[in-house]
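Structure first, then comments.
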Amino acid sequence: MKNFQDKVAVITGAGAGIGRALALELADAGARLALSGRNLDNVAETAALCEKAGARARAYKLDVTDRTAVYAHAEDVHADFGPANVLVNNAGVSLTANVEELSWEDFEWIVNINFWGVMYGTKAFLPQLITSGDAHIANVSSMFGLAACPSQSAYNATKFGIRGFTDALRQEMKIAGHQVGVSCVHPGMVKTGIAWKARAGGDRDRDALAANFDRLAKTTPESAAKAMLKGIRKDKAQILIGADARVIALLPRLFGAGYQKIITAQMKKEVA
């Protein structure tokens with residue numbers, strides 16, 4: 001997909017961060033925008049910014065963990081805009097906890113949002129994306145969908161799952177001859193509010209973890225959005241965002257399973 005002019009773009013998690021920045025980039029590119037999130041006020045603010053930029057945009061309240069609601073959302077978007085051309089399953093949350101301290105409640109919380117949210121969104125919109133004749137799906141994984149990290153087991157599980165699902169979907173679209181590009185997006189640490197909305201297991205200080213994340217994050221939402229659209233235009237199977245994501249992607253390629261020794265050693269230094 002080289003041109004987004006008049007294309008219908010659907011973005012989940014559009015109330016802030018990468019989702020908002022992506023909506024504004026697509027607005028500048030002439031897309032029509034169906035924007036969703038749990039906090040309707042935040043999404044409405046994004047939609048207003050897009051309209052100010054000259055785009056047609058509509059805000060929807062959506063809980064991506066509710067399969068029935070996601071399918072109803074797909075019907076609403078089709079009724080409001082016509083068939084979708086671009087789907088970005090962006091909504092996601094973070095959880096820091098070792099497996100032994102991970103509660104089932106927290107595990108189910110992150111899986112329902114990060115993993116099932118992407119599955120529901122993809123399945124609900126796929127029929128209209130196929131019939132549109134010119135479409136693209138971008139599912140947002142993470143650099144931790146490329147390599148595992150201690151205390152990120154639940155997050156890793158969801159992001160590795162997104163990667164496997166998305167890679168298989170891309171192959172299926174090509175075999176079927178559908179004009180639907182598919183990309184798996186792997187951001188590194190991006191300066192968004194995700195860390196401040198995260199959960200933390202055990203006796204971890206969530207605010208301290210979030211502050212450390214902010215200190216380390218070097219990529220802005222705006223640059224992340226530009227990189228994502230560049231990757232979509234090139235129909236890239238894997239879109240890496242940020243220098244940290246590119247480094248993490250190299251580790252398994254260079255060292256195989258031995259990358260775990262490198263990450264473990266680094267984490268031991270940080271804990272010491």
Side-chain angles (χ1 to χ4, degrees), residues 4 7 9-31 33-55 57-60 62 64 86-95 113-114 117-118 121 136-146 155 158-159 162 183-198 207 209-234 236 238-249:
F4 298 105
K7 297 295 193 299
V10 180
I11 306 172
T12 66
I18 295 175
R20 174 172 288 184
L22 185 62
L24 289 168
E25 284 291 325
L26 283 165
D28 287 341
L33 300 156
L35 310 173
S36 68
R38 279 193 170 188
N39 188 317
L40 184 58
D41 289 341
N42 290 347
V43 181
E45 185 176 324
T46 301
L49 290 170
C50 291
E51 290 176 337
K52 188 175 181 180
R58 180 163 182 176
Y60 302 82
L62 180 66
V64 297
V86 179
L87 171 65
V88 182
N89 285 306
N90 168 69
V93 292
S94 179
L95 167 62
I113 296 172
N114 287 8
V118 171
H136 200 99
I137 299 171
N139 290 333
V140 180
S141 176
S142 165
M143 66 180 181
F144 287 152
L146 299 166
Y155 188 73
T158 62
K159 296 304 186 177
I162 291 170
S183 300
C184 194
V185 184
H186 297 274
M189 288 185 283
V190 181
K191 290 181 179 295
T192 69
I194 188 171
W196 295 97
K197 300 174 184 177
D207 289 348
L209 290 170
N212 188 54
F213 180 94
D214 282 354
R215 179 179 62 83
L216 295 172
K218 304 300 182 186
T219 304
T220 66
E222 291 74 22
S223 61
K226 290 180 187 297
M228 195 183 303
L229 289 189
K230 182 178 179 180
I232 290 173
R233 286 189 176 99
K234 293 184 176 181
K236 296 185 70 173
Q238 186 181 87
I239 302 173
L240 301 174
I241 297 177
D244 48 357
R246 292 190 288 273
V247 170
I248 290 294

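Predicted model only: the values in this text are computed from it and were never measured. The analysis underlying the following values was restricted to heavy atoms, covering all of them including side chains, and did not include hydrogens, waters or symmetry mates.
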Ignoring hydrogens, what is the shortest heavy-atom contact between [X] and [Y]? Give both atom names and the distance.
{"X": "N90", "Y": "T12", "value": "N-OG1, 2.9 Å"}
{"X": "M228", "Y": "L22", "value": "SD-CD2, 3.7 Å"}
{"X": "A23", "Y": "T46", "value": "CB-CG2, 3.8 Å"}
{"X": "A27", "Y": "A55", "value": "CB-CB, 3.6 Å"}
{"X": "C50", "Y": "L33", "value": "SG-CD1, 3.6 Å"}
{"X": "A138", "Y": "V185", "value": "CB-CG2, 4.1 Å"}

ask   = Would a distance-only check, ignoring hydrogens and angles, find a side-chain to backbone donor-acceptor pair under 3.5 Å from K191 to A217?
value =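 It does hold such a pair.
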ask   = Taking the side chain from R20 and the backbone from E45, do they hold a donor-acceptor pair closer than 3.5 Å?
value =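 It does not hold such a pair.
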How about [X] and [Y]: do any of their side-chain heavy atoms sit closer than 4.5 Å?
{"X": "V140", "Y": "N89", "value": "no"}
{"X": "Q238", "Y": "S183", "value": "no"}
{"X": "K226", "Y": "K230", "value": "no"}
{"X": "V93", "Y": "I194", "value": "no"}
{"X": "V43", "Y": "R38", "value": "no"}
{"X": "F4", "Y": "E25", "value": "no"}
{"X": "L26", "Y": "D28", "value": "no"}
{"X": "I248", "Y": "H186", "value": "no"}

To the nearest 0.5 Å, what is the distance between [atom1] ([X]) and [atom2] ([Y])?
{"X": "C184", "Y": "I137", "atom1": "SG", "atom2": "CD1", "answer": "12.0 Å"}
{"X": "T192", "Y": "K197", "atom1": "OG1", "atom2": "NZ", "answer": "8.0 Å"}
{"X": "S141", "Y": "Y155", "atom1": "OG", "atom2": "OH", "answer": "7.5 Å"}
{"X": "I162", "Y": "T158", "atom1": "CD1", "atom2": "OG1", "answer": "5.5 Å"}
{"X": "R246", "Y": "D244", "atom1": "CZ", "atom2": "CG", "answer": "8.5 Å"}
{"X": "T220", "Y": "I18", "atom1": "OG1", "atom2": "CD1", "answer": "9.5 Å"}

key: Residue pair W196 / D207, side-chain donor-acceptor N/O under 3.5 Å   =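 The criterion, which ignores hydrogens and geometry beyond distance, is not satisfied for D207 and W196.
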